[in-house]
Amino acid sequence: MSAVENRYTLREFVEQTQQRDRGEGFFEMESPRILEVNLKSNFVWTKMGSMISYLGNMKFEREGMFDKGLGGFFKKAVTGEGARLTKVTGTGKVYLADYGKKIQILRLENQEIVVNANDILAFEDSVSWDIKMMKRISSMMAGGLFQMTLSGTGMVAITTHYEPLTLVVTPDQPVYTDPNATVAWSGTLQPNFKTDISFRTLIGRSSGESFQMEFVGNGFVVVQPFEEVYHAEG
């Protein structure tokens with residue numbers, strides 16, 4: 001069969017799209033939008049609902065309401081589905097994806113990063129985590145402004161709509177972002193919220209640019225070319 005005749009055959013499709021072991025370790029990119037997690041009698045935290053396939057003997061457990069103590073219970077009562085996790089244990093491979101968003105793998109080395117809870121895809125069991133809500137935020141935006149703080153040493157996978165942009169923050173160069181386009185920032189930064197009614201008047205929107213996040217200090221901020229709007233779920 002010629003090269004032209006071989007185009008679009010089932011064999012060619014399988015060869016081009018089949019799973020490949022690249023030997024990249026615990027987290028492995030199968031494609032820019034599919035993450036492979038290699039489990040060997042250990043476990044990984046994943047975003048609830050992100051599993052698309054698995055090979056081997058796996059057990060999936062939804063994070064309990066009291067797993068982080070009484071304080072965690074009250075946080076989960078208002079954070080919505082975006083902040084909920086599934087604990088995956090066993091031996092084999094798990095494939096994760098989240099609405100076709102692009103996946104970024106980060107390795108923490110005794111470091112801390114804060115990520116929009118909806119943009120967490122998975123993280124290693126050695127990474128400590130906590131859910132926090134940004135203070136002084138209007139109720140109309142509260143559904144999407146819950147953040148997950150990840151710290152320690154281990155692998156973390158986050159997602160972005162399209163290609164992310166990382167902005168460096170220095171004491172003489174603060175960074176301002178749209179909350180709905182802000183994905184993550186380094187744990188060295190403590191964001192402030194600013195309200196500018198002139199932005200709302202200029203652009204004609206009821207939210208979004210009228211609220212800005214201000215980052216001052218030393219660190220970085222990750223933004224995406226897309227404004228996600230979230231709705232809290234009980």
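All heavy atoms count here, side chains included; hydrogens, waters and symmetry mates do not. If you read the sequence from its start, that first residue is 1, and numbering goes on from there.
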Mind checking whether V88 and Y54 have side chains closer than 4.5 Å, heavy atoms only?
no
Determine the sole option in T46, V156, V44 for which the side chain to side chain contact (heavy atoms under 4.5 Å, CB included) test with F123 is passed.
V156
Is there side-chain contact between V223 and M213, with heavy atoms separated by less than 4.5 Å?
no
Considering the options E36, E30, E28, which one meets the side chain to side chain donor-acceptor pair (under 3.5 Å) requirement together with Y95?
E36
F26 side chain near V37 side chain, heavy-atom distance below 4.5 Å
yes
Considering all heavy atoms of both residues, which atom of I103 and which atom of L35 are nearest to each other, and what is their separation?
CD1-N, 3.5 Å
Looking only at heavy atoms, the pair that brings S126 and G154 closest together is OG-CA, 3.7 Å
Quick one: are V94 and M58 in side-chain contact, heavy atoms under 4.5 Å?
yes
State, yes or no, whether a side-chain contact exists between L108 and T153 at a heavy-atom distance under 4.5 Å.
no
As a quick check of understanding, evaluate side-chain hydrogen bond (donor to acceptor under 3.5 Å, both in side chains) for N192 and Q190, giving each step before the final call.
CA-CA 7 Å; N192 300 311; Q190 179 61 48; 6.0 Å; no
Contact check, side chains of R107 and F27, non-hydrogen atoms, under 4.5 Å:
no
Between D98, T159, I158, L96, which is the residue that forms a side chain to side chain contact (heavy atoms under 4.5 Å, CB included) with K47?
D98
With no hydrogens and no angle check, is any side-chain donor or acceptor of T188 less than 3.5 Å from a backbone partner on N218?
yes
Describe, in one word, how the ring planes of H161 and F226 are oriented to each other, choosing from parallel (under 30°), tilted (30 to 60°) and perpendicular (over 60°).
parallel
Nearest heavy-atom contact between L39 and G90 is CB-O, 3.5 Å
Going by an N to O cut-off under 4.0 Å, is there a salt bridge joining K101 and E228?
yes
